[in-house]
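Everything below concerns the one structure shown next.
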Amino acid sequence: MVKSPSEQVNVFLGTSGDHGQMSPAAAFPFSMISIGPVTHPGTHTGYDYYAKEFLGFVHTHIEGVGCRGGGGNILVKPLTKEGADEKLLKKKESAKPGYYQVAFENGLMAEMATDHNYGVHQYHFPTSEKVLKVDLAYAFLNRFVEAEHALFGNTIKGWVDTKTVCDSGKYRLYFYMEFDHISSISNPENNTYIIYGADKPTIGLRIGFSSVNVEYAKARVANGGSLSETIEKSKSQWDAYLGHVKVEGEPERESLFYSLLYRGLQSPYLVSEPDGSYRAIDGTIQKSDDSIYHGWAIWDNYREQMPLLSLLFPQKYGDVARSIANLYPYGKTDWSTQHEPSNSVRTEHAQVVLLDALEKGHLLPLEKIKDSLINEIARLDFGSPDKALEASYDLWASSKLMMSIGDTVLAKTYLKKAMEYQSYWQKDFADMGWPDVDHMGARGLYQGTLWQYRWFVPFDIEGLQKLAGGERTFRKQLDQFFDENNYNHANQPDLQVPGLYNATKEPWKSQKLYRNLMLDSVVQFYFNNNSKGVDPYIGRIYNNRPRAYLKTMDDDMGTMSSWFVLRAMGLSAVNVGEPVYYLTAPIFKEVVLNWPSSKSLKIEVSNYHKDHFYIKSAHLNGNPLGRNWLTHQELMQGGELTMETDSVPNPKWGTSNQYLTHVNIEKD
C-alpha cells in the first residue's frame, strides 16, 4: 500500500538531546499553536524522547532555536486526584503530523490535535476523580511576564505576555479555552485553574489563539471541529502541503525526506485573521489584503528555508516577503520588539530576503519602506571580521533594492561600500597560516572560525576567487578546507561552502560533498565553542531517529532540514538574492514539484542507481543542458529535467558557461 506524505513523517526525529531541538507536538502548517508534551528532563522544546516523567502539555513551540528555546505557553496537566503529588510516567506514545497521543502507567491517556491556531485535547481517566490543572503562567525558562484572564461557566479567556527567544522582546497571545464533560472550575490562585470532571470518563478541551483579540480566538473554537474531525483535517492539510513534492526512491530516504520537509513547514506563523486584521510589532491593530506571517529566525533560515518556500509555495513566499517588508513601518529591529504578535527570534538579512523575493517576481512596497531600509543599513555593524562580511552582503542586497526603485545614487554608494569587503577579507582571511584560523570565536567571530567565514561572500564569488589567487588556488584552498575537516555542518556560517566547487572547473566535487553530507559518514569537529580535535563525530549527520543531527546542531526553524530537502531534490541556491540554483544529483529516482498553477516540474534520474551521484549529462525538456545551473524562472516554467548519473565524475559536464556571482561597479 502506498503511503501518503504525512504517513511517512517521523515526528520524533530530532526530539532527543541537543540533536535538532525539535518537538513531537501536534502541529498544523504555519500555525502558532502546537500542542505537545513537557518532560523532565526536557530539551529546548520542553521534551526529550527518552524522558519518562511528563509535566503536562503546552501550546506553543518554536522549533530548534538557540538561547535554550522559547514558548511553552499554558500548561495543562491531567491528574487522577486533586492536590496529589502525582507523577505522570510514560507507558507508550505515538504521534503523526497534527496529532499526539500518550498513555501513562497510571492508566491515564491524553490525545491532542490541531487545526490552524486551534487545538483539541481529550483526556481519558481510569478513576472516578478527574482533574485538569491549567497554569497560565507557565512558559519555558520562566519567560512568562503577565496575564489577564476571566472565567465564565466552562470557559477561560484572556491573554498571556511572554518574553521572546533570547529574552530580547515580548509577545502576546490571546486565548479562549472551552471545556466539556466537567462539573466545575475553580481559581485557587492567580493564573491557575482547576477543572473538575463530571460523570464521563473523559474531559475535553478546545482552545483558540489569536494575536489580535479574544473574540478571534473564540471564533476559532466556535468553528473548530471535534478531535476526530481535527485529526482528519490536519492530515488532509499536511498531505496537501507535503504533496507539493512527490518523491520516488528507497523507502527509508522517502521517510527521511518528508520528515525533514515537515520541519521546514512549521514557521513562520500565519497571524492575520480571515478579515485581514493583525497586530503589528508596535502593538497597533492593522488590516491587510495580504496574509501576514510572523515568527522569524531570518539570520538562520534565509539561507535555506526561504529558498525552499520560494520554490514550493511561491504565493506564500510572496506573502512572507511582504510580511517582512511590513515590519519596517512599525519599528523593525534586528531582534524582537516589546509587542510581537507571536514568539520570534531575529531578522538580520531581511533585505536579502526582500531582494530574493523581488528577483523572483514578487511585488513589494519598497518605496513605502525606503527610509526604514536606509536607517537599517546605517546601523550595520562592521566590528568583527564576520560582521564585516555579513554587512557587506546586506549592502549588496540593499544596492539592488535601491536600484529597483530608481535611486541610482544610493545604489552605487551601497555597492561601492559592499565591495570594501575586499579590504576586510585581505586583513583577516587571506593568510590562513595564523594559529587561530581554526579556533571557534577567534577575533570575535560568532559561532564559527576564520576558515568557515572566509568563504562568505556569496554575492561576489568571482571576486573572492581573485582574492584567493585565482580559480585554481581557490579550488586548492577548498580542498584543504574539506580535507582538514574544517567544515562545520552543526551551524550556519559555512553551509554554502560545499556548493562552491560548482563555481569552479570541478563541480563534481560539490556533487560528491552533497551526497556525503546527506547520506554518508563524515567527520565533524566543531560543536558549540569547542576546540578542534576534541571528541570528533564520525557518522551520518541526518538520521531518522530522535538523536538525529550532530550534537549542538539546532534545526533553527527549519534551516538545517531545508538544506537537506533542497539538495535531496537536486537543487541548491547559488546566492540568496539571485534567482539561480545549482544542480546536483537527486537522492531519488524521481522528484515532481507541483504548483497550484497546474504546472509541474519533473526531475528524473534516467539511469538511477542509489549510490551514483556524479552527473554524467543532463537534459531540460529534451534539450542537452551543459551548464550546472538553472534560473528560478526556468524551474517555475515546469517541464522535465533529466539527469544521467555515474559512479565516476564527468570532468567535462558543468564546466562551461559557469555561473559565478560577480559585481561590476561600473555596469551596476
message: Quick check on side-chain hydrogen bond (donor to acceptor under 3.5 Å, both in side chains): which of D167, N73, N343, D161 does R143 satisfy it with?
response: D167
- prompt: Measuring from N190:CG to E146:CD, what's the distance to the nearest 0.5 Å?
  reply: 11.0 Å
query: What is the distance from atom CD1 of I207 to atom OG1 of T114, rounded to the nearest 0.5 Å?
result: 12.0 Å
message: Counting neighbours of CG on D275 that are heavy atoms of other residues, nucleotides or ligands and sit closer than 6.0 Å, is the number greater than 12?
response: yes
message: If you compare all heavy atoms of Y328 against all heavy atoms of I324, which two are closest, and at what distance to 0.1 Å?
response: CD1-O, 3.6 Å
task: Taking the side chain as every heavy atom from C-beta outward, state whether S336 and Y171 have any pair of such atoms under 4.5 Å apart.
output: no
- prompt: Hey, what do you get for CD (Q122) to CG (L227), rounding to the nearest 0.5 Å?
  reply: 5.0 Å
- request: State the CG-NE2 distance between L311 and H244, to the nearest 0.5 angstrom.
  value: 12.5 Å
- prompt: Parallel, tilted or perpendicular: which fits the ring planes of H59 and F209, with parallel below 30° and perpendicular above 60°?
  reply: tilted
statement: The residue among Y542, Y526, Y549 that forms ring-ring contact (aromatic ring centres under 6.0 Å, His included) with H489 is Y542
task: Report yes or no: is the cationic atom of K551 (NZ for Lys, CZ for Arg) under 6.0 Å from the centre of the six-membered ring of Y537, at an angle within 45° of the ring normal?
output: no
- prompt: Is there a donor-acceptor contact under 3.5 Å linking the side chains of D555 and S561?
  reply: yes
field: Donor-acceptor side-chain pairing of S210 and E273 below 3.5 angstrom
entry: yes
- request: May I ask you to test the V245-V565 pair for a side-chain heavy-atom distance under 4.5 Å?
  value: no
query: In terms of the angle between their ring planes, are F28 and H116 parallel, tilted or perpendicular, with boundaries placed at 30° and 60°?
result: tilted
message: When you measure from the side chain of Y118 to the backbone of G225, do you find a donor-acceptor pair of N or O atoms at a distance under 3.5 Å?
response: yes
- prompt: Would a line drawn from the ring center of F313 to the ring center of Y241 be shorter than 6.0 Å?
  reply: yes
- prompt: Do any N or O atoms from the side chain of T164 and from the backbone of G169 form a donor-acceptor pair under 3.5 angstrom?
  reply: yes
- prompt: Can you tell me if Y216 and S277 form a side-chain donor-acceptor pair at under 3.5 Å?
  reply: yes
query: In terms of side-chain heavy atoms, does Q286 have a donor or acceptor partner in T284 at a distance below 3.5 Å?
result: yes
query: Considering all heavy atoms of both residues, which atom of I62 and which atom of G70 are nearest to each other, and what is their separation?
result: CG2-O, 3.5 Å
- request: Evaluate the side-chain proximity of K52 to E105: yes if any heavy-atom separation is below 4.5 Å, no if none is.
  value: yes
query: Below 4.0 angstrom, N of the basic side chain to O of the carboxylate: do K81 and E129 qualify?
result: no
- request: Look only at the side chain of S259 and the backbone of N10, and say whether a donor-acceptor pair between them is shorter than 3.5 Å.
  value: yes
query: Taking atom types as modelled, is there a side-chain donor on H61 or T45 under 3.5 Å from an acceptor on the other?
result: no
- prompt: Any side-chain donor paired with an acceptor under 3.5 Å for N117 and S31?
  reply: yes
message: Pair S323, H294 - check side chain to side chain contact (heavy atoms under 4.5 Å, CB included), show working.
response: CA-CA 7 Å; S323 298; H294 194 264; over 6 Å; no
- prompt: So, for M22 and L13, which heavy atoms are closest and what is the spacing to 0.1 Å?
  reply: SD-O, 3.3 Å
task: Ignoring hydrogens and angles, state whether a donor on the side chain of S6 or D239 is under 3.5 Å from an acceptor on the partner side chain.
output: yes
- request: Go through the side-chain N and O atoms of E252 and S255 and say whether any donor and acceptor fall under 3.5 Å apart.
  value: no
query: Is there a side chain to side chain contact (heavy atoms under 4.5 Å, CB included) between L260 and W563 once you walk through the steps?
result: CA-CA 9 Å; L260 296 175; W563 188 98; over 6 Å; no
message: A side-chain contact here means heavy atoms from C-beta on lying under 4.5 Å apart; do S272 and L270 qualify?
response: yes
query: Looking only at atom types and distance, does a side-chain atom of E86 sit under 3.5 Å from a main-chain N or O of T80, one as donor and one as acceptor?
result: yes
Close side-chain approach of F54 and E93, heavy atoms under 4.5 Å: yes
query: Would you say Q524 and N488 make side-chain contact, with heavy atoms under 4.5 Å?
result: yes
- prompt: If you measure from CD on Q492 to CE on M553, what distance do you get to the nearest 0.5 Å?
  reply: 8.5 Å
Side chains of residues 314-321: which donor-acceptor partners sit under 3.5 Å, not counting sequence neighbours?
residue: K316; atom: NZ; partner: Y293; partner atom: OH; Å: 2.7
residue: Y317; atom: OH; partner: D356; partner atom: OD2; Å: 2.6
residue: D319; atom: OD1; partner: R322; partner atom: NH2; Å: 3.1

message: What's the separation between atom OH in Y100 and atom OG in S23, rounded to the nearest 0.5 Å?
response: 9.0 Å
- prompt: Where does the angle between the aromatic ring planes of Y123 and F125 fall among parallel (under 30°), tilted (30 to 60°) and perpendicular (over 60°)?
  reply: tilted
message: Side chains of V11 and Y99, heavy atoms from C-beta outward: is any pair under 4.5 Å?
response: no
Enclosure of K235 NZ (heavy-atom neighbours >12, cutoff 6.0 Å): yes
statement: Nearest heavy-atom approach of P24 to A95 is O-CB, 4.1 Å
query: Does any non-hydrogen side-chain atom of T155 lie less than 4.5 Å from one of Y176?
result: yes
statement: In terms of heavy-atom contacts, V120 and T230 come closest through CG2-OG1, 3.5 Å
message: How about OH on Y49, more than 12 heavy atoms from neighbouring residues, nucleotides or ligands closer than 6.0 Å, or not?
response: no
message: Looking only at the side chains, is there a donor atom on one of T39 and K90 sitting less than 3.5 Å from an acceptor on the other?
response: no
query: Using 30° and 60° as the class limits, which term best fits the ring planes of F12 and Y47: parallel, tilted or perpendicular?
result: tilted
field: More than 12 heavy atoms from other groups under 6.0 Å of NZ on K332
entry: yes
